[in-house]
Amino acid sequence: DILYSSLVRVLCKSGRVHEACNYLEVMRSQGLSLTPTGYGSLLCGLCKSNHLQEALLVFEEAEKAGVCLDVFTYSCLMDALGKAGKPAKSLEVFDYMQKTGCMPDVVIYNVLISCLGRHGRVEGALELFETMGTKGIMPDCRTYNIVIDVLSSCGKFEKAYLFFGMMKRRKHAPDVVTYNTLLNGLKKLGRTDEAYELFEEMQENKCAPDLTTFGTLIDALAKAGRMDDAEELSSSLVKMGYAPNSYIYNALISGYCKCAHVDKGYELFQEMMRSDCIPDAVTYTIMIIGLTKQGQTSMAVELCQEMVNKGHTPSVSIYNLLIRSLSSAGQVEQAYSLFKDMIARGCSPD
RNA sequence: UGGUUUAUAUUG
């Protein structure tokens, strides 16, 4: 049992979850069972590799066998349930773990608050934030960051900002994620100038911006059509020693495409080709939409082919866009040809 | 180094 359990643990840690499952079958056929840590590792491995169904089966098995799982295992499972949009099930596991005598820690609360908050149960998330304190589990910086993001994502930016004030009063220094989250909230509201002010405030508070900070601000400026300001920030991140990543390039390209400067976008696209940061599926999607809107459909179709060649998968909506654009330009032959291509590439029409 | 938070694209 112990040997097999260790084997399962090692395989899961190195991402070889499938092989671990095979060994589990072997164990079963020999009438052996996993140790508690074996169950824990397997559950976490399955959760992290998006095999929630299998994870739940293993969880039920552990439950029936009366195996005590540890708090790490529960957090993995609850996180996976949260990301799969199953807050009710996550709460169920939360109650169950407490029944078995496993006390929730701050990570369990963070996972649960995030899960509830992102699935329409903001009030429940805020209640949990209150109750964790009464149980002696103090919210940490991530807890505040999660609450701030949840609130600003559901249109309650002012309330999110109150939590920013609360964390400072309670002597939790906001970190770069806190600022990035707030910047993103301001960005979504189109409050670009305030975002810029917060960017300066974070630096005054000795919090160094990272690539996410720049990505968020550059996107805010690009969406506001302020491409000169966006380019200026792009230069300053390079001066700080950062290399632009695909978020930076894509935000800039998208900005240029939206303000009818697809040519400038295409220049950046070609710059990416020469850089260490090659265009990804998002880059191609942005360029294809930009070119199509400008009437350059045949070039867009070429880029679609190129993205496939580079191993990326165009979405159905991209095919729809291109097919419609070709059709309305009277290029029915090409439209039909692209339709056949998409099916041949395994993309089902909707 | 076993678990949790933030940025870019999508038509009808």
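Small disclaimer: the values here were computed from a predicted structure and weren't measured. Order of the sequence lines sets the chain letters (A, B, ...), proteins ahead of strands, with each chain counted from 1.
Using the six-membered ring where Trp is involved, Y266(A) and F269(A) have ring planes that are parallel, under 30° apart on the 30 and 60° scheme.
Spacing between atom CD1 of I323(A) and atom C1' of rU10(B) amounts to 14 Å, rounded to whole angstrom units. In this structure, CG of L268(A) is placed 16 Å from P of rA9(B), rounded to the nearest angstrom. In this structure, CG of L291(A) is placed 17 Å from P of rA9(B), rounded to the nearest angstrom. In this structure, the NE2 atom of H312(A) is 16 Å from the C1' atom of rU10(B), given to the nearest Å. Atom CD1 in I318(A) sits about 13 Å away from atom C1' in rG12(B), given to the nearest Å. Separating the CD1 atom of I288(A) from the C1' atom of rA9(B) is a distance of 10 Å, rounded to the nearest angstrom. In this structure, I289(A) atom CD1 and rG12(B) atom C1' are separated by 13 Å, rounded to whole Å. Computed from coordinates, the M287(A) CE to rU10(B) P distance equals 14 Å when rounded to whole Å.
Salt-bridge annotation for D175(A) and R142(A): absent, with no side-chain N of the basic residue lying under 4.0 Å from a carboxylate O of the acidic one. Looking at D193(A) and R226(A), a side-chain N of the basic residue comes within less than 4.0 Å of a carboxylate O on the acidic one, giving a salt bridge. For R274(A) and E271(A), the salt-bridge test fails: no basic side-chain N is under 4.0 Å from an acidic carboxylate O. Salt bridge absent: K99(A) and D95(A) never bring a charged side-chain N and a carboxylate O closer than 4.0 Å.
Cation-pi geometry between K168(A) and F164(A) is satisfied (NZ or CZ under 6.0 Å from the ring centre, within 45° of the ring normal).
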Which nucleotides of nucleotides 1-7 of chain B have their base under 4.0 Å from a protein heavy atom (B), which only their sugar-phosphate (S), and which neither (-), written as one string 5' to 3'?
-BBBBBB
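Put simply, the side chain of N250(A) gets close to the backbone of S246(A): a donor and an acceptor are under 3.5 Å apart.
Judged by distance alone, the side chains of T216(A) and N180(A) never bring a donor and an acceptor atom under 3.5 Å apart.
You'll find the ring centres of F163(A) and F129(A) inside the 6.0 Å limit.
Residue K223(A) is classed as a sugar-phosphate contact, given heavy-atom separations below 4.0 Å to backbone atoms only.
A stem is defined here as three or more consecutive Watson-Crick or G-U pairs, each with both distances under 3.5 Å; RNA chain B has none.
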